[in-house]
J.: 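Quick one: the structure is below, questions incoming.
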Amino acid sequence: EEAMRRYVKTIVEPIERRQTTTAGMNVTQWNAETTALCTAQLEALNGVASNPSGMAVCYNLPALDNSTGVFMADLRLYMIAAPTGTFADIASTNVQVGLSYNGATVSAVNTSTLTKRADETSLISWPRSELIETQKRAAMIPMLIQSYAFVGQVNKELLTANMGTAALQKVLVPTVTLTGKTSTGAAVNTSLSSDEATFVNGVFAKQL
């Protein structure tokens, strides 16, 4: 577990600083592979978001211990389209990410609200027209907004239930929600689809 926590501490650092092999895996290689696979999977959506935030999630498990139920999770939020509706003018500082599992608990390192990129550009608060033009110039390449790393534990009672792969996947895939606050103080929320880019790398990737 200590090795896993060291891994989690490493994976949430900026990508250019991830030069460490932790918990028996090369974190730099994991990030490079996962970034490429997430981007390719989300590019296939052709800039069409399933929710008004314009964001999509890419979720993967670097590791899973079937005997103890301990797992590591890597969740990345990408902007794939311009925000619409109630999310159109919400600043990133007013958006929080919610994560819930049905049959597991997790501990996250970076549980803060969405943050700015290294160049201090807050993507969610970009004017819609500018974001659209930027996406056109970039051929609608998904843009990473934030990445999260977790150490999790499948509920003990489920470990003795001889769960099949499909049932275990359902337990290990979270419900991801975004909650924002408009300029008038009104709360808005939306859910992100878990079907767009899940298990593209790591555990279960070869089984999909």
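Hydrogens, waters and symmetry mates play no part in the numbers below; they use all other heavy atoms, side chains included. Nothing fancy with the numbering, it's 1 onward along the sequence.
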J.: When you look at Phe150 and Leu99, which way does the side-chain contact (heavy atoms from CB on, under 4.5 Å) test go after all the steps?
T.: CA-CA 11 Å; Phe150 307 90; Leu99 195 72; 3.3 Å; yes
J.: Might you work through the side-chain contact (heavy atoms from CB on, under 4.5 Å) test for Leu77 and Leu192, ending with a clear yes or no?
T.: CA-CA 10 Å; Leu77 292 178; Leu192 303 187; 3.5 Å; yes
J.: Atom CG of Asp74 and atom OH of Tyr148: how far apart are they, to the nearest 0.5 Å?
T.: 12.5 Å
J.: State, to 0.1 Å, how close Thr190 and Pro52 come at their nearest heavy-atom pair, and which atoms those are.
T.: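 Scanning both residues, the minimum pair turns out to be OG1-CD, 3.5 Å.
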J.: State the CG-CD distance between Asp65 and Gln153, to the nearest 0.5 angstrom.
T.: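 Taking CG in Asp65 and CD in Gln153, the distance rounds to 9.0 Å.
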J.: Can you tell me which residue pairs pass the disulfide (SG to SG under 2.5 Å) test with a partner in residues 141-178, sequence neighbours excluded?
T.: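 Listed by first then second residue: nothing to list.
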J.: What's the spacing between Thr198 OG1 and Leu172 CG if we round to 0.5 Å?
T.: 11.5 Å
J.: Among Val97, Ile90, Asn189, Val188, which residue satisfies the side chain to side chain contact (heavy atoms under 4.5 Å, CB included) criterion with Leu178?
T.: Val97
J.: Work out which heavy atom in Tyr78 is nearest to a heavy atom in Ile145; give both atom names and the distance.
T.: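 Answer, listing the atom of Tyr78 first, then Ile145: C-CG1, 4.0 Å.
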J.: Which disulfide (SG to SG under 2.5 Å) pairs, counting each pair once, include a residue from residues 58-89, with sequence neighbours left out?
T.: Cys38-Cys58
J.: Output, in order, the C-alpha distance, side-chain angles, deciding distance and verdict of side-chain contact (heavy atoms from CB on, under 4.5 Å) for Leu159 and Val154.
T.: CA-CA 7 Å; Leu159 295 177; Val154 175; 4.1 Å; yes
J.: Could you pull out the closest heavy-atom pair between Ser191 and Asn51, with the gap in Å?
T.: O-CB, 3.7 Å
J.: Counting only heavy atoms not in Asn155 (residues, nucleotides, ligands), do more than 12 fall under 6.0 Å from its CG?
T.: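 Counting other residues, nucleotides and ligands, CG of Asn155 exceeds 12 neighbours.
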J.: Scan side-chain atoms only and decide if Asn60 and Trp30 contain a donor-acceptor pair under the 3.5 Å cut-off.
T.: no
J.: Which residue is it: Asn66, Leu64, Val70? I am looking for the one with a side chain to side chain contact (heavy atoms under 4.5 Å, CB included) to Thr68.
T.: Val70
J.: Just so I know, are the side chains of Val151 and Phe71 near enough to count as touching, which here means a heavy-atom distance under 4.5 Å?
T.: no
J.: Quick one: do Phe199 and Gln169 satisfy side-chain contact (heavy atoms from CB on, under 4.5 Å)? Show the steps, please.
T.: CA-CA 9 Å; Phe199 301 141; Gln169 288 177 349; 3.8 Å; yes
J.: Quick one, Met163 and Val171 - any side-chain contact, counting heavy atoms below 4.5 Å?
T.: yes
J.: For the atom pair CG (Leu61) and OH (Tyr59), what is the distance rounded to the nearest 0.5 Å?
T.: 4.5 Å
J.: Looking at every heavy atom in both Ala56 and Ile80, which two are closest together, and how far apart are they?
T.: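 Looking at all heavy atoms of both residues, the closest pair is CB-CD1, 3.9 Å.
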J.: Search all heavy atoms of Ser50 against all heavy atoms of Ser193 and return the closest pair with its distance.
T.: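 Taking every non-hydrogen atom into account, OG-CB, 3.7 Å.
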J.: For Ala49 and Gly54, work out which heavy atoms get closest and say how close.
T.: CB-CA, 3.7 Å
J.: If we check side chain to side chain contact (heavy atoms under 4.5 Å, CB included) with Arg76, which of these qualifies: Val57, Asn31, Thr39?
T.: Asn31
J.: Rounded to the nearest 0.5 Å, how far does CG of Leu75 lie from OG of Ser147?
T.: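 So the gap between those two atoms works out to 9.0 Å.
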J.: Let me confirm one number: the CG-CE distance from Leu42 to Met79, rounded to the nearest 0.5 Å.
T.: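 Between Leu42 CG and Met79 CE, I get 12.5 Å after rounding to 0.5 Å.
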